[in-house]
A.B. asks: 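One structure, as structure tokens, below. Some questions next.
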Amino acid sequence: MDEVAGRTSPKDAYVAMRGRVYDIAEFVNQKHGLKSFEASKELMLMFAGQDINASFPVSVRMACPSLVSKKDDPKYDMYLTMADATILQAFPFTHKVGTLSSSKEMSDPSFYGKYVVPTMNKFKKGNVVWDYDWVNSMHVDQGKYWRVINKEVFNLEDYFATIDYPGNTNKKWRFLNNHIVNIFDDKGSGSTDITKEWSEIPWDAQDRLANYNCMKNLFYVGTVDDRQSVRCLFTNYMLLAFACVLMTIVLVKFLAAMQFGAKNRPLTPNKFVVCQ
């Protein structure tokens, strides 16, 4: 995220959303919003350098259709409670379905998946990367709900804030598999990388996929940064070694082609006169 945070200029503006990085330098030059509520370039640049999840909330049913039924969320207005509500203060507008009745797009329950994602994918640069030691510190030292599964980083802070909220007594808020909740809720005593624990959960393939997709849609924040891993560095060193070998071969051939010292003068040929 440090690399994203440093890109805030009009010609180099990045944002992070649901674990992906987007370059919005061109996007901010386009018309955005309604005529009565059109977002200016300056207003949109306020998003630059930030994680903008809070400005684009996704209803739980939309993100987890296999875990949340129509009965539990008939109007697609079931949203998570934010663990840090002050984040909202950083954004001038929240793109929540139904908040702008004059907008056809924002009145559509599928607003995020149908309009936001396809539009932002045009400007996608890649995934947010996190240093593993930092993620581990968030878990072990601060007791946060950050974990790694198969090199993907998930943050369940909002999920636990939701189920702990006094007004959310209905069991519909506990939509994730209990095994997942127990693994994450270890008070910092377990492993940050829970790939092994995830693989050992006794569930069928359908339940596993439903929970994974739900977590990917709501809680995915990026991947582990392995650019300094042995595998990546080994490849870099191999390329460097190969380049050095090529340079050595070129140098040797160049030196061999050069002639040092005085040139050897050819012998004066003998001259003969043929008499007939």
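All heavy atoms count here, side chains included; hydrogens, waters and symmetry mates do not.
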A.B. asks: Grab the two heavy atoms, one from A48 and one from A13, that are nearest each other, plus how far apart they are.
C.D. replies: CB-CB, 3.9 Å

A.B. asks: If we ignore hydrogens and angles and just use 3.5 Å, is the side chain of N168 paired with the main-chain N or O of T162 as donor and acceptor?
C.D. replies: yes

A.B. asks: Begin from the C-alpha positions of D225 and Y132 and carry the test side chain to side chain contact (heavy atoms under 4.5 Å, CB included) through to its verdict.
C.D. replies: CA-CA 7 Å; D225 187 357; Y132 181 82; over 6 Å; no

A.B. asks: Of all the heavy-atom pairs spanning L176 and C214, show the shortest one and how long it is.
C.D. replies: CD2-SG, 4.0 Å

A.B. asks: According to the interplanar angle, ranging from 0 to 90°, do the rings of F154 and Y212 count as parallel (below 30°), tilted (30 to 60°) or perpendicular (above 60°)?
C.D. replies: perpendicular

A.B. asks: Within the supplied structure, the quantity of interest is the number of heavy atoms (other residues, nucleotides, ligands) at a distance under 6.0 Å from Q142 CD; does it exceed 12?
C.D. replies: yes

A.B. asks: Looking only at heavy atoms, what is the nearest atom pair of S103 and S107, with distance?
C.D. replies: O-OG, 2.7 Å

A.B. asks: Treating D158 as the side-chain partner and A83 as the backbone partner, does any N or O pair qualify as donor plus acceptor under 3.5 Å?
C.D. replies: yes

A.B. asks: So that I can tick it off, tell me whether K122 and D23 are bridged by a salt bridge, with the cut-off set at under 4.0 angstrom between side-chain N and carboxylate O.
C.D. replies: no

A.B. asks: Tell me which donor-acceptor pairs under 3.5 Å the side chains of residues 58-68 have, and how far apart each pair is, sequence neighbours excluded?
C.D. replies:
{"residue": "S59", "atom": "OG", "partner": "M62", "partner atom": "N", "Å": "3.3"}
{"residue": "R61", "atom": "NH1", "partner": "D73", "partner atom": "O", "Å": "2.9"}
{"residue": "R61", "atom": "NH2", "partner": "Y76", "partner atom": "OH", "Å": "3.2"}

A.B. asks: Quick one: do L209 and W198 end up in the same hydrophobic cluster if we chain Ile, Leu, Val, Met, Phe, Trp and Tyr together by side-chain heavy atoms under 4.5 Å apart?
C.D. replies: no

A.B. asks: Spell out, as yes or no, whether a donor-acceptor pair under 3.5 Å connects the side chain of S9 to the backbone of D12.
C.D. replies: yes

A.B. asks: Rounded to the nearest 0.5 Å, what's the gap from CG on N155 to CG on N53? Could you check?
C.D. replies: 9.5 Å

A.B. asks: Would you indicate whether the side-chain heavy atoms of K253 and V250 approach each other to under 4.5 Å?
C.D. replies: no

A.B. asks: Do V116 and H95 have side chains that approach each other closer than 4.5 Å (heavy atoms only, starting at C-beta)?
C.D. replies: no

A.B. asks: Ignoring hydrogens, what is the shortest heavy-atom contact between A16 and V4? Give both atom names and the distance.
C.D. replies: N-CG1, 4.2 Å

A.B. asks: One pair to check against side chain to side chain contact (heavy atoms under 4.5 Å, CB included): N121 and K124. What are the steps and the verdict?
C.D. replies: CA-CA 5 Å; N121 278 344; K124 183 180 177 181; 4.3 Å; yes

A.B. asks: Counting C-beta onward and ignoring hydrogens, is there a side-chain heavy-atom pair between W146 and T192 closer than 4.5 Å?
C.D. replies: no

A.B. asks: Would you compute the distance between atom NZ of K41 and atom CG of N29 and round it to the nearest 0.5 angstrom?
C.D. replies: 4.0 Å

A.B. asks: Minimum heavy-atom separation for A54 to P57, with atom names?
C.D. replies: O-CD, 3.7 Å

A.B. asks: Take a 6.0 Å sphere around CZ of R208 and say whether it holds more than 12 heavy atoms from other residues, nucleotides or ligands.
C.D. replies: yes

A.B. asks: Which distance, rounded to the nearest 0.5 Å, do you find between the CE of M17 and the CD of Q50?
C.D. replies: 14.0 Å

A.B. asks: Which heavy atom of D226 sits nearest to which heavy atom of K151, and what is that distance?
C.D. replies: OD2-NZ, 4.2 Å

A.B. asks: Can you tell if the side chain of H139 reaches within under 4.5 Å of the side chain of Y145, non-hydrogen atoms only?
C.D. replies: no

A.B. asks: For the NZ atom of K96 and the CZ atom of F111, what is their distance to the nearest 0.5 Å?
C.D. replies: 13.0 Å

A.B. asks: So do the side chains of M106 and T99 get within less than 4.5 Å of each other, counting heavy atoms only?
C.D. replies: yes

A.B. asks: Would L43 and F93 satisfy side chain to side chain contact (heavy atoms under 4.5 Å, CB included), going step by step from the backbone distance to the final call?
C.D. replies: CA-CA 10 Å; L43 191 64; F93 186 73; over 6 Å; no

A.B. asks: Ignoring hydrogens and angles, tell me if any N or O in the side chain of W173 forms a donor-acceptor pair with the backbone of Y165 under 3.5 Å.
C.D. replies: no

A.B. asks: Could you give me the CA-CA distance, side-chain angles and deciding distance for D204 and D207, then say whether side chain to side chain contact (heavy atoms under 4.5 Å, CB included) is met?
C.D. replies: CA-CA 5 Å; D204 57 42; D207 193 20; 3.2 Å; yes

A.B. asks: I'd like to know if E152 pairs up with K216 as an ion pair, taking the criterion as any Lys NZ or Arg NE/NH1/NH2 lying under 4.0 Å from an Asp or Glu carboxylate oxygen.
C.D. replies: yes

A.B. asks: Is there a side-chain contact between Y159 and V181 (heavy atoms, below 4.5 Å)?
C.D. replies: yes

A.B. asks: Check whether any side-chain heavy atom of D186 lies under 4.5 Å from a side-chain heavy atom of R147, and answer yes or no.
C.D. replies: yes

A.B. asks: Return the set of residues passing salt bridge (charged side-chain N to carboxylate O under 4.0 Å, His left out) with D77 (not counting sequence neighbours), or none when no residue passes.
C.D. replies: none

A.B. asks: Can you tell if the side chain of V153 reaches within under 4.5 Å of the side chain of Y220, non-hydrogen atoms only?
C.D. replies: no

A.B. asks: Has Q30 got more than 12 heavy atoms of other residues, nucleotides or ligands less than 6.0 Å from its CD?
C.D. replies: yes

A.B. asks: Using a strict 4.0 Å threshold on nitrogen-to-oxygen distance, state whether E200 and K196 make a salt bridge.
C.D. replies: yes

A.B. asks: Classify the ring geometry between F184 and F160 as parallel (under 30°), tilted (30 to 60°) or perpendicular (over 60°).
C.D. replies: tilted

A.B. asks: Nearest 0.5 Å please: distance from the CE atom of M215 over to the CD1 atom of I180.
C.D. replies: 5.5 Å

A.B. asks: According to a 4.5 Å side-chain heavy-atom criterion applied to Ile, Leu, Val, Met, Phe, Trp and Tyr, with indirect links allowed, do I194 and W203 form part of one hydrophobic cluster?
C.D. replies: yes

A.B. asks: Starting at OH of Y14, measure out to OG1 of T8 and round the result to the nearest 0.5 Å.
C.D. replies: 12.5 Å

A.B. asks: Check for me, please, whether V140 and V148 land in the same ILVMFWY cluster - side-chain distances under 4.5 Å, paths through other members count.
C.D. replies: no

A.B. asks: Ignoring hydrogens and geometry beyond distance, is a side-chain donor-acceptor pair present between D193 and T195 at under 3.5 Å?
C.D. replies: yes

A.B. asks: We want to know whether N217 and R18 form a side-chain donor-acceptor pair, criterion being a heavy-atom distance below 3.5 angstrom.
C.D. replies: no

A.B. asks: Hey, would you say the F123 and F27 ring centroids sit under 6.0 Å apart?
C.D. replies: yes

A.B. asks: Using the side-chain contact (heavy atoms from CB on, under 4.5 Å) rule, pick out the option among N211, D72, I163, L218 that qualifies with F175.
C.D. replies: L218

